[in-house]
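Note sheet for the following structure.
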Protein chains: 2
Amino acid sequence: MTVQHLERKPVPGRRATIGDVAELAGVSKQTVSRAINDKGEIGAATKERVLEAARSLGYRPSRFARGLRLQDSVTVGLLLSDVTNPYYPEVASGVLEVAEDRGWHVVVGDSRGDRRRELEALQVLARQADALIGQCSSPDEELARELPGVPIVLLDHPPGHRGHGSVRIDFTSGMRQAVDHLVLDRGRRRIGVLEGTPRANPATERRLSAEQRLREHGLPAGADWTAHAVSHTVAGGEAALAELLTARPDMDGVVCYNDQIAIGAMRELKRAGRRVPADVSVIGFDGLPLGELVTPSLTSVHIDKARLGRLAVQEVARLLADPTAPPVPDAPVVHPELVVRGST
Amino acid sequence: MTVQHLERKPVPGRRATIGDVAELAGVSKQTVSRAINDKGEIGAATKERVLEAARSLGYRPSRFARGLRLQDSVTVGLLLSDVTNPYYPEVASGVLEVAEDRGWHVVVGDSRGDRRRELEALQVLARQADALIGQCSSPDEELARELPGVPIVLLDHPPGHRGHGSVRIDFTSGMRQAVDHLVLDRGRRRIGVLEGTPRANPATERRLSAEQRLREHGLPAGADWTAHAVSHTVAGGEAALAELLTARPDMDGVVCYNDQIAIGAMRELKRAGRRVPADVSVIGFDGLPLGELVTPSLTSVHIDKARLGRLAVQEVARLLADPTAPPVPDAPVVHPELVVRGST
DNA sequence: GTGAAAGCGCTAACAA
DNA sequence: TTGTTAGCGCTTTCAC
């Protein structure tokens with residue numbers, strides 16, 4: 001008999017463990033550990049033999065065993081409502097940037113804009129993450145109930161809620177800038193509002209802020225001057241603008257929930273024979289790179305989305321450092337900034 | 001000595017364990033486990049008491065301990081070269097879709113287009129993932145050396161390589177469609193090529209395929225008719241087109257590495273006083289949604305990027321099921337398809 | 001330079 | 001219904 005059988009092949013379904021490597025190399029588990037992790041205290045020849053054994057078995061250390069032992073690995077879960085929404089890549093890049101700096105991992109999930117899915121997705125993420133970041137439409141109490149003990153940082157969260165971390169966007173200031181631009185710089189007086197879906201938390205806040213500012217200028221505002229976009233997309237914006245234009249054919253300006261809706265509005269206006277911005281001024285919100293590419297390019301209230309992501313991770317760090325910390329009265333705030341382009 | 005230490009409070013920095021909960025509730029760890037995991041075999045009153053104890057301690061089960069014990073959790077790492085590249089969201093959505101179906105987690109990383117970072121990022125991901133998916137510019141041997149034993153599925157990988165899983169895109173067919181459209185449908189005869197960065201694996205393949213087809217039509221092709229985009233972005237496309245236009249002022253068509261470069265080309269052409277498509281036809285590659293929004297809208301060779309992502313996860317599943325499986329001669333292929341719009 | 005033993009936090013199997 | 005035991009795969013003592 002030969003000793004060929006010492007060359008145990010990796011059986012499909014069962015991964016080699018440190019014990020397998022130790023046995024094959026004829027050393028203790030400890031020695032294998034030293035070789036794999038490149039510690040000192042090991043002979044060069046031994047190390048080589050161990051590494052060779054590991055290679056031949058296709059050995060990889062179990063991340064669970066290592067994580068359990070070392071307790072130094074942090075993973076944060078990022079829940080998006082729709083990965084393909086161009087709003088998110090910059091947020092994600094901010095999250096990834098800070099996570100990388102800290103040596104943290106990031107797991108992502110997509111709720112596909114569905115409330116039920118959202119909770120499920122959060123729960124799935126929570127199984128793999130120490131804390132969560134997300135733009136959630138579920139009420140705070142529901143989150144607290146369904147995800148007990150899980151630190152959550154909410155993006156774009158209206159103020160006044162407790163029990164979770166959050167990062168705020170100053171929509172009031174943003175919408176004031178948008179409305180002021182249309183009214184003061186462009187002299188528009190009949191301004192419509194294209195609101196987001198009723199579900200979205202920040203939708204109402206954006207609309208209310210816009211309406212308030214319109215009224216402060218002595219201009220009409222309210223349901224008559226508002227249309228809901230069914231989705232926060234170009235198509236949603238097209239449909240919403242068509243609806244609004246029917247009710248208000250004399251409209252000379254539109255404030256939009258976000259850039260995609262604004263681009264849809266511009267397209268629909270052109271289709272209806274209106275010139276932008278000669279007849280109607282359009283202004284978006286978010287400041288997507290996309291806005292520079294359409295014709296005319298889109299004026300928008302720019303949000304530093306990468307900063308939003310970075311701040312969110314920092315909030316997670318705060319929560320993780322002291323889970324018993326009280327909810328902070330003033331969450332970090334991102335301040336929007338008007339960027340004027342061709343559509344107004 | 002007192003026994004006060006039995007009442008271990010949740011010290012910031014130390015998370016409560018199942019033992020802490022058991023102790024506080026006055027039951028065994030096993031009973032706590034039953035309560036937490038909603039198994040039967042536990043009295044209602046006991047369960048309530050345990051859950052209350054868990055709540056008050058802010059207890060969450062350790063994912064490492066659970067993962068170690070249950071051995072049923074799969075995580076795949078997705079490495080992107082730049083999260084903010086609009087090519088990726090659809091790929092990611094495909095990956096997430098299949099991952100969700102299988103109950104797998106997805107961790108993401110961003111190499112920021114840097115080769116050094118790429119390897120580091122892959123290694124970081126590998127610490128948390130059972131397998132990796134990525135569009136990698138590192139040579140295969142380097143991947144195998146730096147990530148021993150890690151199953152990797154490469155996106156957009158040229159054929160003929162071994163040792164990793166891969167998903168292919170049929171660039172030859174795609175570029176043939178692009179060139180044929182310009183030549184046969186639009187009658188263009190002086191066609192430039194805007195290539196991607198030299199680093200990018202698929203860049204050369206796309207260019208070669210385009211040049212080959214151009215020559216098959218008896219048209220000139222080669223270095224004289226090619227410009228490199230420094231980055232796969234709109235700005236990169238603008239610069240590259242400017243360069244190409246200087247060398248070939250009589251150019252009447254451009255085939256581009258991707259849609260962003262194509263959009264940059266269109267902008268630069270307009271700036272140079274050329275009409276698109278009257279004077280010059282432009283065609284992109286990838287079929288980003290973005291292409292519909294620019295004016296004129298962009299003709300492009302559409303790739304089903306979500307499918308690419310889905311196939312990649314399926315390849316991962318194959319690799320994971322049998323790590324010893326031989327490299328498959330014919331990797332799954334995504335077939336590009338021409339979508340004609342206004343720019344040609 | 002190397003090995004033996006203990007234990008990280010959890011759950012399956014079995015015992016009571 | 002509840003508790004005890006064992007062990008998942010790894011690394012950190014502490015011996016040798």
Side-chain angles (χ1 to χ4, degrees), chain A residues 8 10-11 13-51 53-54 57-75 126-130 149-150, chain B residues 8 10-11 13-51 53-54 57-75 126-130 149-150:
Chain A
R8 286 189 294 178
V11 182
R14 184 188 176 283
R15 254 169 63 171
T17 74
I18 199 173
D20 300 328
V21 178
E23 191 177 327
L24 180 58
V27 296
S28 73
K29 295 191 292 178
Q30 174 51 11
T31 301
V32 175
S33 177
R34 281 192 271 250
I36 294 291
N37 297 308
D38 218 16
K39 301 255 166 120
E41 312 186 336
I42 184 174
T46 319
K47 183 168 171 179
E48 190 45 54
R49 187 156 37 94
V50 169
L51 291 179
L57 290 174
Y59 169 73
R60 292 181 59 198
S62 150
R63 65 174 189 281
F64 294 116
R66 207 172 234 178
L68 182 57
R69 189 62 245 231
L70 299 178
Q71 318 239 87
D72 65 349
S73 145
V74 176
T75 298
R127 293 188 153 257
Q128 190 72 350
D130 301 290
V150 183
Chain B
R8 289 188 292 181
V11 182
R14 185 190 175 283
R15 255 167 62 172
T17 74
I18 200 175
D20 299 328
V21 178
E23 196 174 322
L24 181 58
V27 297
S28 74
K29 295 192 290 180
Q30 179 53 237
T31 301
V32 175
S33 177
R34 283 191 271 249
I36 294 292
N37 297 308
D38 218 15
K39 303 256 168 125
E41 312 184 337
I42 185 175
T46 319
K47 184 169 174 181
E48 190 45 55
R49 187 156 40 94
V50 169
L51 291 178
L57 290 173
Y59 168 74
R60 291 182 59 200
S62 151
R63 66 174 186 280
F64 295 115
R66 204 172 238 178
L68 182 56
R69 189 61 245 233
L70 299 179
Q71 315 236 97
D72 65 348
S73 143
V74 176
T75 298
R127 295 187 150 257
Q128 191 70 350
D130 301 290
V150 183

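Chain A is the first sequence line, chain B the second, and so forth, proteins listed ahead of strands; every chain is numbered from 1.
Here the side chain of B/R49 pairs a donor or acceptor atom with the backbone of B/A25 at under 3.5 angstrom. Side-chain atoms of A/D20 come within 3.5 Å of backbone atoms of A/T17 as a donor-acceptor pair (strictly under, hydrogens ignored).
For C/dT2, neither phosphate oxygen OP1 nor OP2 lies less than 4.0 angstrom from any side-chain nitrogen or oxygen of A/T31. At least one side-chain nitrogen or oxygen of B/T46 sits closer than 4.0 Å to the OP1 or OP2 atom of D/dT2.
Heavy atoms only, all atoms of each residue included: A/A16 and A/Y59 are closest at O-CD1, 3.3 Å. Counting all heavy atoms, side chain and backbone alike, A/S73 lies closest to B/F64 at OG-CZ, 3.5 Å.
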- prompt: What does nucleotides 6-16 of chain C look like as a protein-contact string, B for base, S for sugar-phosphate only, - for none, at under 4.0 angstrom between heavy atoms?
  reply: BBBBBBBB---

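Expressed to the nearest 0.5 Å, how far CD1 of A/I18 lies from OG of A/S28 amounts to 8.5 Å.
As rounded to whole Å, 18 Å separates atom P of D/dC8 from atom CZ of A/R63.
For the 3.5 Å distance criterion, the side chains of A/T75 and A/Q128 fail to qualify, holding no donor opposite an acceptor.
Residue pairs meeting the salt bridge (charged side-chain N to carboxylate O under 4.0 Å, His left out) criterion with at least one partner in residues 57-67 of chain B, sequence neighbours excluded, are A/D130-B/R63.
Tested against A/V21 for a side chain to side chain contact (heavy atoms under 4.5 Å, CB included), the candidates A/T31, A/V27, A/L51, A/V32 yield a single pass: A/V32.
Two end axes, each from the C1' atoms of five base pairs, can be drawn for the helix from C/dG1-D/dC16 to C/dA16-D/dT1; they diverge by 40°, to 10 degrees.
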